J.: 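If you scroll down you'll find the structure; I have some questions about it.
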Amino acid sequence: MQSKETFLLVDCNNFYVSCERLFNPKLEGRPVIVLSNNDGCVVARSQEAKKLGVQMGEPFFQVRERCKAWGVIVYSSNYALYGNLSSRVMEILKTFSPDVEIYSIDEAFLRFDAEMPLEAVASEIRKRVRQWVGIPVSIGIGPTKTLAKAANKIAKSGSSIFDLRSRPVQEEMLHKLVPRDIWGVGRSTAETLQTLGIYTARDFRDAATTLIRRQLGVVGERTQLELQGISCLPLEEATSPQSICRSRSFPHVITDIGIIAEALATHASCVAERLREERCVTSAISVFLEAMRKPSERTRDYFSVAAALPSPTYDTTQLIRAAKQGLERIFRSEMRYKKCGVVALDVAAERDVELDLFTERVDPRRKRLLETMDVVNQGAGKRILTFAATGVGRAWEMRSEKRSPRYMSSWRELAMVMAK
DNA sequence: TCTGGGGTCCTAGGACCC
DNA sequence: TCTGGGGTCCTAGGACCC
């Protein structure tokens, strides 16, 4: 008989804020928020900031004045720092179970096969991550991933660890959660459930399967089964991504094709770099532009074009060339552009790609050149070596006015310690 | 006048996640 | 003036084929 499996969901508390606090302990106990790229909207909030009513995803310009009045400390996002701390946390988690699925930058599922004293394991995980990296985490325990997620939600609001394995506890807690609290239930699904008279997570779990299947499709049905304790979402193996996208909004409207070409060349090189990092190749890219329709309106026009590459590749030059050709096909001089991006489609692991006699292999000399660039850029900081097409003016670059130093990835930005 | 049935593949769009 | 970015999966509908 297959042994019973249990899932732990480990989630870093207010992750980006916790990262900032690590290097600036004065932020402890104070309201802190972190903004998205371009300082556009709020993507992380400390407990204190949540209490003040700063909403997740709220546009920053709408809360700026309130933040000033309340003394909220504001940071631009610093992904170099968060990425680095994230991998340290994940390394620790891997020492507790061989079965770890890194679900996002700040959370991971761990699977345990046997019946184990998992509450003890969970508190050891919390202790070790706190001690070795300095980040506080919450942990949910459940017989399925969806229940572990729900347990984590409960853990967040108090005890830091919550076990949702026992049936009576499930009865009680699922009655307290609304469908929207459940992983996989978004706004639209929650509305549908409401019209069906389903108001709690427990109602959802106990509703007629045929009804759920008809109204919500296989996705909804799976979520329902998971709530019943029947595991349908296995731990995902780490696989190569299917697509890799890189895009940025401009800080202001841009109409100049030359500047957009530089931005796209930069995005194309980032995509290529990531492909090499993942040991992947792409056989087609898509280029897209977004333009403002009217100055006052939020609505955007979206233009995109896909282009096949001569052969599966991770070569920056080929991606830049294809991006440029794509741009020429969709660019209109009268449009007011606000964002652009490059997507690698059809991404596959390099070793899985069958090269026949006629497809061009990446030239070994070019391969060495690209590898060298990657090594230099990783060691000395990003963008030491770049392709000329990516430009030097960088008139399109985003606002990031309140970014903390890259303490862990840039020699120039190391923390300073005064010793007397 | 009246126009089958079954299958595959691809794409766009929606929904959801962090 | 100022509203992010990067993913996944599913579904419906069209094109195409026999």
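Values in this document were obtained by computation on a predicted structure and should not be read as measured data. Chain naming here is simple, since letters A, B, ... match the order of the sequence lines and numbering starts at 1 in each.
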J.: If I take atom CD in residue A:Gln215 and atom P in nucleotide B:dA15, what distance separates them, rounded to the nearest angstrom?
T.: 14 Å

J.: Taking only side-chain N and O atoms of A:Ser247, does any of them lie within less than 4.0 angstrom of OP1 or OP2 on C:dG6?
T.: yes

J.: For DNA chain C, whose closest nucleotide is more 5', that of A:Gln242 or that of A:Ser249?
T.: A:Ser249

J.: Please check if any side-chain donor atom of A:Tyr337 sits under 3.5 Å from a side-chain acceptor atom of A:Asp301, or the reverse.
T.: no

J.: Nearest to the side chain of A:Cys245, heavy atoms from C-beta on, is which of C:dG6, C:dT3, B:dC18?
T.: C:dG6

J.: Sequence neighbours left out, what pairs pass salt bridge (charged side-chain N to carboxylate O under 4.0 Å, His left out) with at least one residue falling in residues 239-248 of chain A?
T.: none

J.: Within the 4.0 Å heavy-atom criterion, would you say A:Pro251 contacts the bases, only the backbone, or no part of the nucleic acid?
T.: nothing

J.: Tell me whether the count of non-hydrogen atoms from other residues, nucleotides or ligands lying under 6.0 Å of CZ in A:Arg66 goes above 12.
T.: yes

J.: Between C:dG6, B:dC18, C:dG4, which one does the side chain of A:Cys41 approach most closely?
T.: C:dG4

J.: Could you tell me whether A:Leu345 contacts a base, only the sugar-phosphate backbone, or nothing, with contacts defined as non-hydrogen atoms closer than 4.0 Å?
T.: nothing

J.: How are the rings of A:Phe109 and A:Trp183 set to each other: parallel, tilted or perpendicular (split at 30° and 60°)?
T.: tilted

J.: Taking atom P of C:dG5 as reference, at what distance in whole Å does atom CZ of A:Phe250 sit?
T.: 10 Å

J.: I need the CZ-P distance between A:Arg246 and C:dG5, as an integer number of Å.
T.: 9 Å

J.: Are A:Lys149 and B:dC18 close enough that a side-chain N or O sits under 4.0 Å from OP1 or OP2?
T.: yes

J.: Do A:Ser240 and A:Glu278 get their side chains close enough for a donor-acceptor pair, meaning under 3.5 Å?
T.: no

J.: Would you classify A:Ile244 as touching base, sugar-phosphate or nothing, given that sugar-phosphate means primed atoms plus P, OP1 and OP2, and contacts are heavy atoms under 4.0 Å?
T.: sugar-phosphate

J.: Could you state the CZ-C1' distance from A:Phe109 to B:dC18, rounded to the nearest angstrom?
T.: 11 Å

J.: Which pairs would a plain distance check flag for residues 144-155 of chain A, meaning a side-chain donor or acceptor within less than 3.5 Å of a matching protein atom at least two apart in sequence or in another chain?
T.:
from: A:Thr144; atom 1: OG1; to: A:Leu147; atom 2: N; distance (Å): 3.1
from: A:Thr144; atom 1: OG1; to: A:Glu226; atom 2: O; distance (Å): 3.0
from: A:Lys145; atom 1: NZ; to: A:Glu101; atom 2: OE1; distance (Å): 2.7
from: A:Lys145; atom 1: NZ; to: A:Pro234; atom 2: O; distance (Å): 2.9
from: A:Thr146; atom 1: OG1; to: A:Glu226; atom 2: OE1; distance (Å): 2.7
from: A:Lys149; atom 1: NZ; to: A:Glu107; atom 2: OE1; distance (Å): 2.7
from: A:Asn152; atom 1: ND2; to: A:Leu9; atom 2: O; distance (Å): 3.2
from: A:Asn152; atom 1: ND2; to: A:Ser138; atom 2: O; distance (Å): 3.0

J.: Which residues within residues 53-69 of chain A lie with some heavy atom under 4.0 Å of an atom in DNA chain B?
T.: none

J.: Enumerate all atom pairs, one protein N or O and one N or O from nucleotides 7-10 of chain B, separated by less than 3.5 Å.
T.:
none

J.: How many whole angstroms separate atom CG of A:Leu35 from atom P of C:dT3?
T.: 12 Å

J.: Kindly determine whether A:Glu5 and A:Ser231 satisfy side-chain contact (heavy atoms from CB on, under 4.5 Å), including the steps that lead there.
T.: CA-CA 9 Å; A:Glu5 57 181 2; A:Ser231 181; 3.4 Å; yes

J.: Just how far, in rounded Å, is C1' of B:dG14 from CD of A:Glu191?
T.: 14 Å

J.: With a cut-off of less than 4.0 Å, is there a side-chain N or O of A:Thr189 near OP1 or OP2 of B:dC16?
T.: yes

J.: Side chains of A:Thr313 and A:Asp315: is there a donor and an acceptor less than 3.5 Å apart?
T.: no

J.: Rounded to the nearest Å, what distance is computed from the CZ atom of residue A:Phe303 to the C1' atom of nucleotide B:dA12?
T.: 17 Å

J.: If each of A:Asp39 and A:Ser243 is mapped to the nucleotide of DNA chain C with the nearest heavy atom, which maps nearer the 5' terminus, i.e. the 5' end?
T.: A:Asp39

J.: For DNA chain C, what string of dots and brackets results from 5' to 3' when Watson-Crick and G-U pairs need both distances under 3.5 Å, crossing pairs get [ ], and pairs with another strand get |?
T.: ....||||||||||||||

J.: Using the side chain to side chain donor-acceptor pair (under 3.5 Å) criterion, which residues pair with A:Asp346? Sequence neighbours excluded.
T.: none

J.: Please name the residue in the list A:Glu48, A:Lys50, A:Arg21, A:Arg45 that meets the side chain to side chain donor-acceptor pair (under 3.5 Å) test with A:Asn14.
T.: A:Lys50

J.: Could you tell me how the ring of A:Tyr302 sits relative to the ring of A:Phe288: parallel (under 30°), tilted (30 to 60°) or perpendicular (over 60°)?
T.: parallel

J.: Quick one: sort the A:Phe23 and A:Tyr407 rings into parallel, tilted or perpendicular, breaks at 30° and 60°.
T.: parallel

J.: Without decimals, in angstroms, what is the distance between A:Met90 CE and B:dC18 P?
T.: 13 Å

J.: Do A:Glu277 and A:Tyr314 pair up side chain to side chain, a donor and an acceptor below 3.5 Å, judged on atom types alone?
T.: no

